[in-house]
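Notes to accompany the following structure.
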Amino acid sequence: MSKMLMIYPDRCTGCQNCTLACSVFHDGEFRPHTSRIQVTTWESEGFSMPTTCQQCEDAPCVAVCPTGAMHDDLTMNRVAWDEVKCIGCRMCTLACPFGAVVFETGRRRIIKCDLCDGKPECVTFCPAKALDYVEETDSARDRKKAVAVEFKKTFEEVK
Amino acid sequence: MYGWIGRYLRIDLGSGTVRKEVITPDLARKYLGGRGLGTHFMMTEVDPKVDPLSPQNKLIFAAGPLCGTNAPSASHYDVISKGPLNGTIAASSSGGLFGPMLKYAGYDMIILEGKSAKPVYLWICDDVVEIRDAAEIWGKTVPETTEAIRSATDEEASVACIGPAGERLVLFANVMNECGRAAGRSGVGAVMGSKNLKAIAVRGTGAVRVPDPKAFREAVVKASAKIKANSVGGKGLKNYGTDVLVNILNELGGLPTRNFLDGYFPTADKVGGESLAKQLLIRPRGCYACIISCGRATKVTNPKFAGQGEGPEYETAWAFGPDCGIDDLDAVTKANYICNDYGMDTITMGSSVACAMNLFENGVITTKDTDGIALNFGDAEAMVELVRKTAEGEGFGKKLALGSYRMAESYGHPEYSMTCKKQEMPAYDPRAIQGIGLNFATGNRGGCHVRGYTISPEVLGQPVKLDPRVTEGKPALDITFQDLTAALDSSGMCLFTTFGLGAEDLAELLSAATGLNITTEEFMKIGARIWNLERLFNLKAGLSALDDKLPERLTKEPILTGPSKGLVNRIDEMLPEYYKLRGWDSAGIPTKNTLADLGL
Amino acid sequence: MKHVIIGAGPAGLNAAATLRQVDSGGVVTLLSGEATPPYAKMVLPYLLAGLMEEKNLYLPVPEGVNFRIGSKVTRINIKRQTIETDKGETVEYDKLLIATGGVPERPDIPGSDYPFVLTIRDLPDVQRIQKLVKRKKGHAVIAGAGPVSMETGDALHRLGMKITLVVTSNRLFSTMLDIEAAAVVEDHLRRQGVDILKGEDIVRIGSRGKVTLKSGAALNSNLVIFGKGVNPCVAFLADSGIAIRRGIAVNDRMETNISGIFAAGDAVETKDLIVGDQRVNALWPAAVEQGRIAALNMAGIEAYYEGSLSRNILRVFGLSIFVAGQGRADGPEVKVSSGSGFYHKMVLDRGVLNGFIFIGEVRHEGLYRDILQRQTDVGSFADSLLKGTFAYPRFQRRAMRI
Amino acid sequence: MKITVRAFADYREFIGKEMELIVPEEKTIGELLAELGDRYPKLRSEMFTPTGELKDFINIFINGRNIAFLKDMATPLTDGDIIALFPPVAGG
């Protein structure tokens, strides 16, 4: 069975260890700006929200790629990106409504979660278990949906 | 350079000039960064006798070499200046995003000089450094300022700013970053206010590099495992925050109560971490790169003290709680929120209220002095009102804004001020815990627990259990802790990592980050160098051995109740040995040999 | 069911793939007028610039599709439900998709048929240019300043050619940018050594490369590229009975006026989401979506196309340009932030985005596109959006209006 | 004799905040904790290794004195003693 990345924002402490681990794993340096996972924090609510590629089925970024560089990788249940085929046209960045596909102009490359080829560093280094890499089951998918509800609740409770 | 960026900003607020200067590898290795490097520049560029709130004082923001990496909980930067509360060398440490962001923007440090003619803030985005007008945000609270600046610059920027307290030169004003993180002690926020500098906002898209990412990863995993295996990385701090200490100090009889009149507070549990977790905690929070998560996102619903925000941590809960004879957690937390929003140090604020209550109960001051407010120990509403008045600069609040020493002195009774070198002592009673008393007395920025946290062995039993009632061996212990902490502060790590990591682990992390072979001995020597440098600054500023003392109350008036009843601190048994082990003469002055050995 | 698709561009290929998914019993025939396997035309400038290798150019034909190359359709017989090709073949269909795309405009002026005068239409064009450039770098004159010609200019510049842009209007990218934005781009290009001649046009080209302009001025050139827009490729539909306005007219199911005949891609005109009129938005992602919608309807599954959003994202001479909707408009409400090397502009109507122009680095482009496409009220966070780096979680929170 | 046992942090989840015990004379803290461990196995497993050693960084106070500075587990109890049990905690 394939695995999926689960995010539990309610457990997130906002420490950004995920972004640090991600950037150093992929780029060999601590440059959180180019991390494939990003954490948004609202200090007054004491709430943080990690976001990264959802590895969509029927991903819009795959549909629009004119070279097949962005493609489905069924063996790892992910949307994968092939640097050799990519021309840097940014159709994928324009397609993703979550902004989870980023084009780095300086290096002409796409920055996007690749699940670290099956051993996500963000999960390894998350001290709060806010990130988990789990078997993709119905209940896991349901929990993923519940995240949006939790997010909403957090901000509704304020004030 | 690895670890370091090797570059810093020098900004003259008077002329508006911005210069980018280089940090040489030799200097970086000598002082690491943060507190050490900042103190070096203070010592070489500023007359220690300078008026702290004059344009001639400098204000330095400095991160350490580990800052910006994922070394566990390595997010600390220091604000270094001559502190206005007591005129000593001040280095206030804070975690959060600011330090790492500064490095990602391409700088290890910012040196601020002079004084701006009008309120300004700095916007640093990688190579772009702008001095911007702050007329619109002057007067705003910390969250308002943070939001306004982010809105004008970048949503993801880190904002270090002062609140209205810093603008009004409250002598214990903080520099706040990410709203709830504070460079909290000694009044560095007032220095910032005196320069008409409201905030520094930073956004960096660059990188911190290490020589061998794989090897560094191993060092990080190893260090993290040590921390996690230790008490600090376990459930305790994450579930209960630092406020979990209230009960252990109270059970020991070392919880200063009612302005240090006592060392035991029967209802302390009501303001302890267990109660906090049950009543107010929303969720634990972590600083940047933190694996401990001692931060508290809390919410008070009680309409009298309603609010939401960060805290309280232990010293805060103590200062507004037991030290004022108060056991109302809602009120304590509210006072914390006000301090966060206005940018004030909670320890000095709470202790100053406690001191005022003490003066009031003993009839030194009356309602005529206090705007009609009766100041009795235990009065939660009066306490919150005094905090508010100080924050707003109202009436008696203006007196409190001077800190407890100057306030008590103005009524002719400085002995009511529970301070060392005019800075308020935090939440550990030196009568019950001998070693911490020596540390308070010798602290280079005055009464302070984070200059040598001997509570670790003396109370918490880490790394070994040492008897708090014993003075023997404590001078050596204090020196070790003081030096270790100085080097740690300068490397960018959080002090809490020392519950799991020793000097050898820290030296290993530093070596992995910088590519230099920094041994344990070198690491400790760097700490000693920094400590002695700070001492030299203070001596040149006019301080002397006479200032290495505790308030008389702690050496002459025994604890009244509880397990430590009858005890006093015996600093006289420790101080001479401390000087000797430090390599200082009997007047507390470092000998030539000592300085030469340290390369000073 | 016999499905026939004319054209192996993004609309045709995506339709073929969709049909294979949803109508596995059907027969899908895909006809391409070109002599090569399918590839994406939009990558041609990148190929020219050397940013990709030719071996990576070709796209796979979906499995199970009957693919015929070099089959140019010459006629459609709607009564018999057949098509005829230039090879003399006749192919029957139950459902037909016309996805023939567009053809670049080549003005009829003296000299426009010299071998060094080209448009960027297909692979052979690029290969011809590559040969020319290999022999001599020299000077390229590019007429027109739309996305394709600018990307081509960028590619030639990378290959070492001197570039002169000749545009008839008063600015570059006149269909995408306002004057101020164009000025930022022009300034950037000039600093890269690019000559820009505005209000000019090529009237004559000499056999040795002399280019004469409307004003009478003359330039020497080694290569002339025409990039003055693209016209729907619909000439073969004349007399077919299929309604054509600017492009092939379709309903919201991508069906033409003839039942069973669908059209998608650069050859059709569809509703513009922001303006509301029918127009040809010749865009790669729009073609992909239209192809899918058409295919679903061909297979009997109802699907509707909401309309297309005009948008473009490109990077020319190292400068990023990202536009969508009515970014050129000067009202009802305009927010601008600009500085050295960047220009951010948003056009709003009562808190809802009508369009934007971002020149310089931006992030999360898809979120911006989505916000515009969904016509979300952004009134409360328009200033934050204007920075060009607004992130999804912040949007999600704002969109809740809390 | 009457002995008060107070628990802090996580230990409260196992045995509650405070309890009063009536125990026979001549009992050591070690014996008392062993009996408590029988009643609360979770407490025992948190405080002691499988071989019965007190785990690191756990602090046991008798009337405010850490038993490490008394006679450790052999420390005798007297009537009215207050015992405080702290799991590993740190901070400051």
Side-chain angles (χ1 to χ4, degrees), chain A residues 7 9 12 33-34 38-42 45 47-54 58-69 71 82-106 108 111 147-148 151-159, chain C residues 9-10 14 17 21 39-43 45-47 49 51-53 55-60 151 283-289 291-292 311-315 318-320 322 324 360-371 373-374 389-398 400-402:
Chain A
I7 295 175
C12 180
H33 185 66
T34 58
Q38 293 290 336
V39 180
T40 308
T41 292
W42 291 268
E45 288 82 5
F47 184 75
S48 293
M49 176 86 175
T51 44
T52 187
C53 172
Q54 303 290 299
D58 291 323
C61 59
V62 172
V64 299
C65 180
T67 66
H71 61 280
D82 183 343
E83 185 162 15
V84 174
K85 285 188 177 174
C86 180
I87 55 172
C89 71
R90 290 200 270 177
M91 284 298 121
C92 50
T93 67
L94 193 49
C96 177
F98 304 108
V101 185
V102 168
F103 182 68
E104 193 191 4
T105 47
R108 267 197 101 83
I111 299 173
V147 165
F151 184 86
K152 196 156 191 265
K153 222 173 69 195
T154 297
F155 291 106
E156 277 170 349
E157 278 173 0
V158 176
K159 279 167 230 161
Chain C
N14 211 46
Q21 274 172 19
Y39 60 88
K41 291 220 162 112
M42 66 163 283
V43 311
Y46 297 87
L47 183 69
L51 293 172
M52 82 175 306
E53 294 179 56
K55 65 172 192 229
N56 290 323
L57 177 70
Y58 301 104
L59 295 172
E151 283 178 340
L283 299 162
W284 176 277
V288 168
E289 194 186 353
R292 190 178 63 86
R311 75 199 92 152
N312 234 310
I313 187 159
L314 63 160
R315 188 167 166 82
L319 187 66
S320 291
F322 173 36
E361 296 306 308
V362 295
R363 275 200 162 199
H364 317 306
E365 302 93 321
L367 174 63
Y368 279 76
R369 195 256 317 138
D370 202 49
I371 289 172
Q373 195 159 343
R374 286 173 193 276
T389 53
F390 206 65
Y392 180 74
R394 298 212 185 273
F395 165 69
Q396 200 185 8
R397 196 226 153 156
R398 298 285 201 154
M400 288 172 198
R401 294 163 198 270
I402 319 163

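In the text below, chain A, chain B and the rest are named by the order of the sequence lines, each starting its count at 1. Both backbone and side-chain heavy atoms feed into the values below; hydrogens, waters and symmetry mates do not.
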Could you tell me which portion of Thr51(A) (side chain, backbone, both or neither) has an atom closer than 4.5 angstrom to a non-hydrogen atom of chain C?
side chain
How close do Pro66(A) and Ala40(C) get, heavy atom to heavy atom, and via which atoms?
O-CB, 3.2 Å
Minimum heavy-atom distance between Pro97(A) and Arg369(C), given as atom pair plus value:
N-NH2, 4.3 Å
Which distance, rounded to the nearest 0.5 Å, do you find between the CG of Leu94(A) and the CZ of Arg311(C)?
6.0 Å
Rounding to 0.5 Å, atoms CE (Met91(A)) and CD1 (Ile313(C)) come to a distance of 7.0 Å
With a 4.5 angstrom heavy-atom cut-off, could you sort out which part of Val288(C) is near chain A: side chain, backbone, both or neither?
side chain
Could you list all the salt bridge (charged side-chain N to carboxylate O under 4.0 Å, His left out) pairs where at least one residue sits in residues 89-104 of chain A, not counting sequence neighbours?
Arg90(A)-Glu365(C), Glu104(A)-Arg109(A)
Thr41(A) meets the side chain to side chain contact (heavy atoms under 4.5 Å, CB included) criterion, sequence neighbours left out, with Val39(A), Glu43(A), Ser48(A), Arg285(B)
For Phe98(A) against Tyr392(C), the heavy-atom pair lying closest together
O-CB, 3.3 Å
Which distance, rounded to the nearest 0.5 Å, do you find between the CG of Leu57(C) and the CD1 of Ile87(A)?
9.5 Å
What part of Phe322(C) gets closer than 4.5 Å to chain A, counting heavy atoms only: side chain, backbone, both or neither?
side chain
Residue set satisfying salt bridge (Lys or Arg N to Asp or Glu O under 4.0 Å) with Arg374(C), at least two apart, ordered chain then number -> Asp370(C)
May I ask you to test the Thr93(A)-His364(C) pair for a side-chain heavy-atom distance under 4.5 Å?
no
Show the nearest heavy-atom pair for residues Thr40(A) and Pro393(C), with the distance to one decimal.
OG1-CG, 3.2 Å
Quick check on the interface: out of Pro10(C), Ala391(C), Ser320(C), Ala287(C), who has the most heavy-atom pairs with chain A under 4.5 Å?
Ser320(C)
Chain C contacts, top residue of Gly68(A), Gly99(A), Ala69(A), Cys86(A) (heavy-atom pairs, under 4.5 Å):
Gly99(A)
Compare every heavy atom of Arg363(C) with every heavy atom of His33(A), then report the nearest pair and how far apart it is.
O-NH2, 2.9 Å
Under 4.5 Å heavy-atom distance to chain A, tell me which part of Leu59(C) shows up: side chain, backbone, both or neither.
side chain
Which portion of Pro285(C) sits near chain A, non-hydrogen atoms under 4.5 angstrom:
both
What is the distance from atom CD of Glu361(C) to atom OG1 of Thr105(A), rounded to the nearest 0.5 Å?
3.0 Å
Filtered by a 4.5 Å non-hydrogen cutoff, the part of residues 58-65 of chain A contacting chain C is Ala63(A), Val64(A), Cys65(A)
Proximal component of Cys96(A), with respect to chain C [non-hydrogen, under 4.5 Å]:
backbone
Let's go through Val84(A) and Asn56(C) carefully: what are the C-alpha distance in whole Å and the side-chain angles of both, what is the deciding distance for side-chain contact (heavy atoms from CB on, under 4.5 Å) to 0.1 Å, and is it a yes or a no?
CA-CA 8 Å; Val84(A) 174; Asn56(C) 290 323; 3.4 Å; yes
